[in-house]
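A short write-up of the structure that comes next.
Only heavy atoms go into these numbers, but all of them, side chains included; no hydrogens, no water, no symmetry mates. Naming convention: chains lettered A, B, ... in sequence-line order (proteins, then strands); numbering from 1 in each chain.
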Amino acid sequence: MLSGAGRGGRVADFGGACPNTGDVAAARARGLRYPARPSATDPRPLTDLHTHLRERLLAATTQLGLARDAAEPLVRLDPPKNREHGDVALGAFQLAKLAGKAPPSFASELAAKITPDDVIESATAAGPFVNFKFRRAALARAVLTAIAADAAPYGRSPKNGQVVCIDYSSPNIAKPFHIGHMRSTVIGNALCRIHRHLGTTVHGINHLGDWGMPFAKMMTAYMRWGNEQELHRSPMRYMFDLYKRYGVEVKNNPALDDEAALHFKALESGKDNQERRMWQLLRDESLKAFQGPYSRLGVTFDHVTGESFFEDKMEAAMQRVATAGVLENSDGAQVVWLKELGIKEPCLLRKSDGTTLYHTRDLAAAFWREQQYHPNRILYVVGAEQKLHFDQLKGVLTKMKEEVAAAVEHVPFGLVLSKTEDGKWEKFASRSGNAVFLDEILDEAVAKVRSIIREKNPDLPNADEVAEQIGTSAIVFNDLKNSRIKDVKFDWEQMLNFDGETGPYVQFACARLSSIQRKVGVPVPKPEAVDFALLADAERVLLVMMEFGTAVQRAAEQSEPSIVTGHTIALAGEIHSYLRDHYVVGAEPAVRDARLLLVDCARRLLTTGLWLLGIPAPERM
RNA sequence: GCGCCCGUAGCUCAGUUGGAUAGAGCGACGGCCUCCGAAGCCGUAGGUCAGAGGUUCGACUCCUCUCGGGCGUACCA
């Protein structure tokens with residue numbers, strides 16, 4: 001079969017000697033210019049309420065004899081595991097140690113110092129913990145005023161001076177866009193939006209797999225069996241057939257691979273020859289065909305610089321490697337050995353026939369990105385099976401003492417698995433015919449949504465358009481729901497079940513909130529006009545809202561969109577529960593207005609959360 | 001062989017970097033639409049956190065080993 005799949009099949013990540021986490025700190029220790037990104041131990045982004053509480057706590061610890069500098073990093077305010085304990089909790093273990101006291105007694109002393117004020121309602125010691133409650137009115141005011149004003153972290157933060165390159169989607173365009181390509185695409189797309197929300201300058205890059213042996217194999221197949229008429233009739237379908245045929249025939253005729261290698265060498269000669277023209281034709285057709293899935297998924301890129309873009313940049317990159325003195329000959333090939341970095345396999349940069357490889361182009365791309373964008377981080381959203389590739393890429397840059405090495409960061413994700421007849425999970429493989437094209441899946445989901453709409457909301461005016469939105473979102477949401485490192489189990493039944501923690505569930509909450517706003521018949525009040533004390537019963541909703549900023553921040557730090565997904569589910573759940581017993585329409589005016597503001601803010605925050613995931617929030621569904 | 005990842009309820013997964021009584025959804029069972037959208041809500045059942053050691057005041061979380069499953073392992077990507 002044809003091997004590899006562009007970055008869509010590019011799946012290695014760093015480990016061993018140069019793990020991704022910590023390399024920024026290591027770079028800083030070495031005096032490199034890449035600033036460390038916020039570390040995991042940095043305090044979470046604080047709301048006004050937290051800042052106030054924090055100040056009160058630091059004043060108290062100072063009174064208790066602790067130096068502010070020493071106490072500050074130990075004052076970590078986390079949501080308690082059990083909401084009954086309070087709004088935020090402080091584990092006093094380390095502070096107590098600093099004070100030389102037992103945690104429980106220190107906690108009581110600390111709690112006693114935090115007397116109530118207009119923000120803090122109570123501080124109570126519970127064993128070694130101190131639990132705090134905010135005044136309900138203050139909680140509501142702080143959260144809702146900020147959301148209504150679209151202030152950070154609920155709205156977009158001002159520019160923070162950071163620059164992040166995100167390499168995502170990056171499919172091998174000589175093959176149809178299938179389910180396996182979707183993960184990198186939607187995860188990368190979400191990460192772009194999340195970083196932008198935080199004020200980072202983002203360069204979203206589609207590093208197309210439009211060069212190298214896979215493309216050469218496609219050319220070989222086309223030259224042998226293809227014809228242009230059929231190609232134009234249905235390009236992707238046709239190329240997929242050629243791809244499959246090559247896979248079958250190469251088993252009996254391994255010389256096909258040699259033929260492909262010759263074609264690649266001819267292509268890479270730079271001459272205007274048959275290969276060049278064919279490459280152009282196949283590339284154009286593939287690229288056109290890829291616009292479909294991208295637009296359906298609402299995915300865009302800032303730069304579409306595929307592997308071929310680096311054709312004329314690889315020689316300079318190789319020179320740079322040679323000049324650094326790390327390039328060696330091995331069996332006629334040019335390689336960089338990385339044993340001292342704990343990587344046994346050498347990084348191949350030039351084959352013995354003189355042609356380049358995936359690594360060569362990635363190296364050239366890293367230099368290009370450094371020079372063009374000056375990124376603090378370069379995220380490669382590529383499957384986990386390519387870990388070694390990125391270990392090596394980073395390793396070569398490290399060995400060359402290139403500063404950009406510190407920025408290189410593989411963001412691996414799990415495989416898409418399909419269920420076999422005997423109930424086991426196995427990798428999707430185009431060759432065994434169990435590949436599912438993205439369009440098929442989206443169509444299936446959209447059709448299901450369309451029938452649900454027919455049943456539940458037959459009068460919906462733009463039903464087809466909404467069905468498309470809800471259906472595609474369901475698939476995207478499902479991919480962003482779990483930690484990205486987990487394999488995705490592709491299961492039709494589960495994929496088309498829209499109950500519970502799903503995209504439609506969150507969208508439904510938005511639609512329901514919109515509906516209430518339409519029905520109540522009065523405009524959303526200004527926060528200044530609202531009596532926030534009337535929202536004491538909405539504490540659960542408000543506390544979840546307050547976590548939004550932390551969720552987005554963590555998602556960016558950990559390159560983990562599922563943290564945002566989880567937050568939207570939690571907020572949708574809380575608002576659904578709240579609405580059961582708290583009516584807006586028909587409530588007395590002051591209560592109605594307060595609840596209306598809450599409803600509006602919930603809708604806005606859910607919409608923002610979905611937007612960060614690349615998912616629309618229709619007003620009706 | 002070596003390296004890396006994963007293992008939590010029947011199924012699919014959370015568990016905020018070592019803190020309080022391990023939480024959701026699906027599926028199952030039982031309730032709730034003359035009441036702002038039932039794609040919803042409320043409740044019940046369901047756990048040896050793969051196993052064994054270790055570190056710690058405290059371990060699902062960190063370390064070691066074992067057992068399962070997966071991925072990778074120089075002229076593919």
Out of B:C26, B:A74, B:C36, which nucleotide sits closest to the side chain of A:D331? B:A74
Between B:C42, B:A20, B:C36, which nucleotide has the shortest distance from any of its atoms to the side chain of A:S577? B:C42
Under 6.0 Å between ring centres: does that hold for A:H576 and A:Y505? yes
Per-pair stack call A:H389 and B:A77, 5.5 Å, 30°: no
Ring centroid separation for A:H85 and A:F129, is it under 6.0 angstrom? no
What is the nucleic acid contact for A:A570, judged by heavy atoms within less than 4.0 Å: base, sugar-phosphate only, or nothing? nothing
Touch check for A:E560, heavy atoms < 4.0 angstrom, all strands: base, sugar-phosphate only, or nothing? nothing
Any strand is fair game: report the nucleotide pairing with B:A59 by Watson-Crick or G-U wobble, both distances under 3.5 Å, or none. none
According to the 5.5 Å centroid and 30° plane-angle thresholds, does A:F129 stack upon the nucleobase of B:A20? yes
Quick one: which of B:U73, B:C41, B:U12 gets closest to the side chain of A:L388? B:U73
Under 4.0 Å, counting only non-hydrogen atoms across every strand here, what does A:S515 touch: a base, just sugar-phosphate, or nothing? base
Using the side-chain heavy atoms of A:L348, tell me which of these nucleotides is nearest: B:G40, B:C76, B:C75. B:C75
Flag side-chain contact, heavy atom, 4.5 Å: A:L513 against A:L579: yes
Check whether the side chain of A:S352 and the base of B:C75 form a donor-acceptor pair under 3.5 Å. yes
Tell whether A:D210 reaches the base of B:A77 with its side chain through a donor-acceptor pair below 3.5 angstrom. no
Is the ring of A:Y583 stacked on the base of B:C36, with centres less than 5.5 Å apart and planes under 30° off? yes
Stacking here means centres under 5.5 Å and planes under 30°; does A:F93 stack on B:G19? yes
Taking the same atom, C1', in B:U21 and in B:G10, what whole-Å distance lies between them? 24 Å
Can you give me the closest heavy-atom contact between A:L610 and A:C510, atom names plus distance? CD1-SG, 4.1 Å
Quick one: which of B:C13, B:C75, B:U73 gets closest to the side chain of A:K486? B:C13
